[in-house]
Protein chains: 2
Amino acid sequence: MAVTISDVARAAGVSKGAVSYALNGQAGVSEETRQRILGAAKELGWRPSLRARSLSSSKAYALGLVVARNPRLLGTDPFFPSFIAGIETTLADRGYSLVLTVAAKHGAEEASYRRLVHEGRVDGVILSDVRTDDPRIALLLELGLPAVTLNRPTAASPFPAVCMDDTEGISSAVQHLVDLGHTRIAHVGGTQHYIHGLSRRTAWANTLKRNGLEPDLFIEADFGAQQGTEATARLLQLDRKPTAIVYANDIMATAGLSYLHQQGLRVPADVSITGYDNTEYAQYLNPALTSIGSDPLLWGSTAAQVLLNQLEGKHDGQDIILPEPQLIVRGSTAEPPA
Amino acid sequence: MAVTISDVARAAGVSKGAVSYALNGQAGVSEETRQRILGAAKELGWRPSLRARSLSSSKAYALGLVVARNPRLLGTDPFFPSFIAGIETTLADRGYSLVLTVAAKHGAEEASYRRLVHEGRVDGVILSDVRTDDPRIALLLELGLPAVTLNRPTAASPFPAVCMDDTEGISSAVQHLVDLGHTRIAHVGGTQHYIHGLSRRTAWANTLKRNGLEPDLFIEADFGAQQGTEATARLLQLDRKPTAIVYANDIMATAGLSYLHQQGLRVPADVSITGYDNTEYAQYLNPALTSIGSDPLLWGSTAAQVLLNQLEGKHDGQDIILPEPQLIVRGSTAEPPA
DNA sequence: AGAAAGAACTGAACCGGTTCAGTGAGGGAC
DNA sequence: GTCCCTCACTGAACCGGTTCAGTTCTTTCT
C-alpha cells in the first residue's frame with residue numbers, strides 16, 4: 001500500500017516517534033537527524049496520513065461553512081461563490097479543506113453545526129450572514145467550536161471578526177444622490193434581522209440626516225427580487241413619492257427597475273436607483289446600474305486566514321478591518337425631474 | 001471525554017467487536033444482543049467517531065467537488081450554488097459531507113484532485129463542466145477515485161453519468177423563433193470545449209436544418225459577459241445580419257441585450273434574443289428575457305445519490321436521465337421586423 | 001570530580017474504531 | 001454417542017499517526 005511513517009523510520013534508522021518530531025518541527029531530534037529523516041521521507045514519497053493524524057491529534061484539518069439559505073434563492077446571490085473561492089485560496093496553501101453545508105430549513109442550521117462538531121469534521125467555522133443577537137454565537141460557545149465572524153455581531157462575541165463596513169458605500173451613494181439634487185431618497189432595505197441589512201439602513205438614514213433630510217422613506221424587504229418589486233410598488237403609492245431609491249442589493253434594484261419601467265417611469269429621468277454588490281450583470285442593465293462593489297474574494301481569504309491563525313494561537317484577537325466597498329456610478333442615477 | 005465504543009461494550013457486557021457488528025448491521029450478533037447493545041449505545045449517547053472509522057475503514061465519508069473557474073467569474077454563474085445545495089440535500093441525509101475545492105489556475109485543478117485522494121479527504125467526486133475528451137477521466141482512473149459525471153463525456157468513461165440534456169430546450173427556442181417567422185437565427189455559443197457548449201450549438205444547428213435553414217451564423221464565446229458583447233457586435237457587422245440570436249446562457253444574452261440597445265436596436269422589435277439558465281434576474285430585464293430553465297438542485301441531489309449508491313455497490317451502472325430543461329417564453333422574442 | 005541539567009532518541013501506550021482468527025456452545029445427522 | 005457444522009461472541013491485531021515516560025550520553029556548574 002502507501003508508504004507509512006514506519007517505512008520512513010526504518011529507512012532513516014530511527015523510531016516512529018523521531019520521524020513524527022522531525023516532520024512537525026518539534027524539539028527532540030538533532031538538526032542532522034532531522035535532515036536525514038526528511039530526506040528519507042522525500043525519497044520514499046511519504047505523505048503522512050491525514051486520517052491517522054486526525055485520529056491521534058483530534059484535529060480535522062478542515063474548516064466549515066454553513067450556508068443557511070433557501071436553495072432556490074442561493075443561485076441569486078453573487079456573494080457566496082466568490083467568497084468561497086476566497087476561502088479556498090487560503091486553505092489550499094495551508095493544507096486545509098473546506099466542508100460546506102447548506103441548511104435549507106430553519107432548524108437545519110443548528111443541526112448542521114452540531115453535526116460538524118460531533119463528527120469532528122471541522123476545527124472551526126466561518127460565520128456569515130450574521131444576524132442581530134445571533135443565536136449561533138451562543139451555540140458555538142456551547143459546542144466549543146472556534147469561529148470567525150463576518151463583521152462584528154451586535155451580540156457580545158468572543159470570536160474575532162473580519163469586517164467590511166458597508167457604511168461608506170451606502171453613504172457615498174446617498175451623498176451622490178443628494179449632490180445631484182434629490183431630496184426624496186428612499187431606501188429599500190434587506191432583512192433588518194441581518195446586521196448588513198441594518199447597517200445599510202443606518203448608513204442611509206445617517207447620511208440623509210447629515211444633509212438635513214428626513215429618513216422617512218424606508219421599506220424593509222428580504223434581499224429577494226419579489227419583495228424588491230413589492231417595496232418599489234409601495235413607494236410609488238406614497239404621497240411623498242421618492243425621486244431616488246437606494247436598494248440594499250442589486251437583485252432588488254433590478255426587480256425595482258423592471259417594475260418602474262412597467263409603470264411607465266423612466267430611469268434615471270424620473271427616478272434614480274442604486275444597488276449594492278456590483279453584480280456582473282449590473283453594468284448590462286438598461287440603464288446600467290449604479291452600484292457598490294465589495295470584494296467577497298478578499299473577505300473570504302482573510303476570514304480563513306484569521307481563523308487558521310486563531311487555531312494556531314497566532315491571532316491577537318483584534319478585529320480585521322478590510323477596505324470599504326466603493327460606489328460605482330453608472331447610468332441609473334441622474335438629476336431629479338424638474 | 002466523549003463516550004467511546006469501549007464504554008458501550010462495557011455497559012452492554014460484550015466486546016468492542018460485538019458493538020461494531022451490532023452498529024453496522026453485520027452478522028455475528030444475535031438479534032437480542034444487538035438490541036441490548038443499541039439500547040446501551042442510545043442510553044450513553046454514543047456517536048461513533050468519524051475519525052476512528054475513517055482510519056480503520058479507509059473511508060472518508062465525504063464527497064468532493066472541484067470547481068475550476070476563475071474565482072472572479074464564479075459569482076456570475078447561478079448554477080453552482082443551487083447545484084451544491086442539491087448535493088447537500090442528499091449528503092446530509094446519508095451522513096456524508098461535501099468537501100469543496102476551487103481551482104483558480106489551470107494546473108491547480110489536477111493538483112486538487114490529487115490532493116483530495118492523497119489526503120484521503122473524499123470517497124468520490126462529482127465531475128461538472130465536463131469537457132470534450134476530458135483529461136480528468138483518465139486522471140480519476142489513475143487515481144482510482146470513483147466519480148459520477150454530469151452528462152455523458154465524449155471520451156470513453158466508465159463512470160455513471162447523470163444527464164440533463166440541453167437539446168430540447170435549445171431546439172424549442174429555435175423552433176419558437178422559426179415559428180415566429182425568423183430565418184436568420186444566430187447562435188452565440190459557449191466554449192465549445194465544454195460538452196454543454198458543444199451540445200447547445202449542435203441542437204441549434206440541427207433544428208435549423210430540420211427547418212431547411214442554414215446554420216451559418218455561429219460565433220463561439222466563453223459564457224462570459226465580455227465575449228457575449230463582442231460576439232453580438234460581430235454578428236451585427238455581417239451582411240446577413242441575424243434577426244434573432246440564441247445565446248448559450250443568460251449572462252451573454254444580457255450583455256448582448258445591452259449592446260443591442262446601445263446600437264439603437266430594439267428588442268424584440270428589431271432583434272429577438274433568448275438565453276439559457278433562467279437566471280432569476282432574467283425576468284426583470286427590459287424586456288424580460290426568454291430563457292431555458294434547468295434544475296440544478298435536482299441535478300445535484302441526483303448526482304450525489306448515484307455516486308453514493310455506486311460507492312455502496314448499489315448502482316447498476318446505467319446513466320440517469322433527468323427531465324429536460326424547458327423553454328420559458330418572455331418578452332425578448334417576437335416576430336421579425338417586416 | 002561529582003552532581004545536576006539538558007539534548008537526542010526509543011519504546012510503548014494511545015486515539016477509537018474494524019476485522020479476522022479462534023473458542024465454546026448448541027443442534028442435527030448418522 | 002460421535003462427528004461436524006453453524007452461530008454468537010471474544011481477544012487481539014491493525015489502521016498510521018502523536019505523545020509521554022524513560023534511557024543514554026554529553027555538557028555545565030560548583
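Protein chains get the first letters and strands the later ones, always in sequence-line order, with residue 1 at the start of each.
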Next on the checklist: Nearest whole Å is fine: how far is C:dG16 P from B:Y61 OH?
Outcome noted: 17 Å
Checklist outcome for this item: Residues passing the side chain to side chain donor-acceptor pair (under 3.5 Å) test with B:R36, sequence neighbours excluded, are none
Item to check | Parallel, tilted or perpendicular, as decided by the 30° and 60° cut-offs, for the rings of B:F80 and B:F83 | outcome: perpendicular
Next on the checklist: Please check this pair: side chain of A:S157 against backbone of A:P153, looking for a donor-acceptor N/O pair closer than 3.5 Å.
Outcome noted: no
Item to check | Point-to-point distance, once rounded to the nearest 0.5 Å, from CD1 of A:I195 to CG of A:L150 | outcome: 8.5 Å
Checklist outcome for this item: Residue set satisfying side chain to side chain donor-acceptor pair (under 3.5 Å) with B:K314, at least two apart, ordered chain then number -> B:E312
Checklist outcome for this item: Sorted by chain and residue number, the side chain to side chain donor-acceptor pair (under 3.5 Å) partners of B:Q305 (sequence neighbours excluded) come out as none
Next on the checklist: Using a 4.0 Å cut-off on heavy atoms, which residues in residues 4-12 of chain B reach DNA chain C? List them by number, or say none.
Outcome noted: B:T4, B:I5
Using atom names, set out every protein N or O paired with an N or O of nucleotides 10-14 of chain C below 3.5 Å, distance rounded to 0.1 Å.
{"from": "C:dT10", "atom 1": "OP2", "to": "A:S15", "atom 2": "N", "distance (Å)": "2.9"}
{"from": "C:dT10", "atom 1": "OP2", "to": "A:S15", "atom 2": "OG", "distance (Å)": "3.0"}

Item to check | Residues touching DNA chain C, which here means a heavy atom under 4.0 Å, drawn from residues 30-55 of chain A | outcome: A:S30, A:T33, A:L55
Checklist entry - Is the number of heavy atoms from other residues, nucleotides or ligands under 6.0 Å of A:Q35 CD greater than 12? => result yes
Next on the checklist: If you define the side chain from C-beta out and look only at heavy atoms, does anything of A:I87 sit under 4.5 Å from A:W299?
Outcome noted: no
Under 3.5 Å, which donor-acceptor pairs link side chains of residues 90-104 of chain B to any protein atom two or more places apart or in another chain?
{"from": "B:T90", "atom 1": "OG1", "to": "B:S301", "atom 2": "O", "distance (Å)": "2.8"}
{"from": "B:R94", "atom 1": "NH2", "to": "B:N309", "atom 2": "OD1", "distance (Å)": "2.8"}
{"from": "B:S97", "atom 1": "OG", "to": "A:R121", "atom 2": "NE", "distance (Å)": "3.1"}

Item to check | Terminal axis angle for the helix from C:dA1-D:dT30 to C:dC30-D:dG1, five pairs an end, nearest 10 degrees | outcome: 40°
Checklist entry - When you check the phosphate oxygens OP1 and OP2 of D:dT18, does a side-chain N or O of A:Q26 lie under 4.0 Å from one of them? => result no
Next on the checklist: From CD of A:E119 over to C1' of C:dG16, roughly how many Å is that when rounded to an integer?
Outcome noted: 15 Å
Item to check | Pairs flagged by salt bridge (charged side-chain N to carboxylate O under 4.0 Å, His left out) wherever residues 47-67 of chain A is involved - sequence neighbours left out | outcome: none
Checklist outcome for this item: Those residues at least two apart in sequence (or on a different chain) that pass side-chain contact (heavy atoms from CB on, under 4.5 Å) with A:I321 are A:C163
Checklist entry - Is there any salt bridge (charged side-chain N to carboxylate O under 4.0 Å, His left out) pair reaching into residues 12-28 of chain B, and which pairs are they, with sequence neighbours excluded? => result none
Side-chain donor-acceptor distances from residues 132-143 of chain B under 3.5 Å, at least two apart:
{"from": "B:T132", "atom 1": "OG1", "to": "B:H193", "atom 2": "O", "distance (Å)": "3.4"}
{"from": "B:D134", "atom 1": "OD1", "to": "B:R136", "atom 2": "N", "distance (Å)": "3.0"}
{"from": "B:D134", "atom 1": "OD1", "to": "B:R136", "atom 2": "NE", "distance (Å)": "3.0"}
{"from": "B:D134", "atom 1": "OD2", "to": "B:R131", "atom 2": "N", "distance (Å)": "2.8"}
{"from": "B:D134", "atom 1": "OD2", "to": "B:R136", "atom 2": "NE", "distance (Å)": "3.3"}
{"from": "B:D134", "atom 1": "OD2", "to": "B:R136", "atom 2": "NH2", "distance (Å)": "2.8"}
{"from": "B:R136", "atom 1": "NH1", "to": "B:E109", "atom 2": "OE2", "distance (Å)": "3.2"}
{"from": "B:R136", "atom 1": "NH1", "to": "B:Y113", "atom 2": "OH", "distance (Å)": "3.3"}
{"from": "B:R136", "atom 1": "NH1", "to": "B:S128", "atom 2": "O", "distance (Å)": "3.4"}
{"from": "B:R136", "atom 1": "NH2", "to": "B:S128", "atom 2": "O", "distance (Å)": "2.9"}
{"from": "B:R136", "atom 1": "NH2", "to": "B:D129", "atom 2": "O", "distance (Å)": "3.2"}
{"from": "B:E142", "atom 1": "OE1", "to": "B:R114", "atom 2": "NH2", "distance (Å)": "3.4"}
{"from": "B:E142", "atom 1": "OE2", "to": "B:R114", "atom 2": "NH1", "distance (Å)": "3.2"}
{"from": "B:E142", "atom 1": "OE2", "to": "B:R114", "atom 2": "NH2", "distance (Å)": "3.3"}

Next on the checklist: Please report the distance, rounded to the nearest Å, between CG in A:L23 and P in D:dG17.
Outcome noted: 9 Å
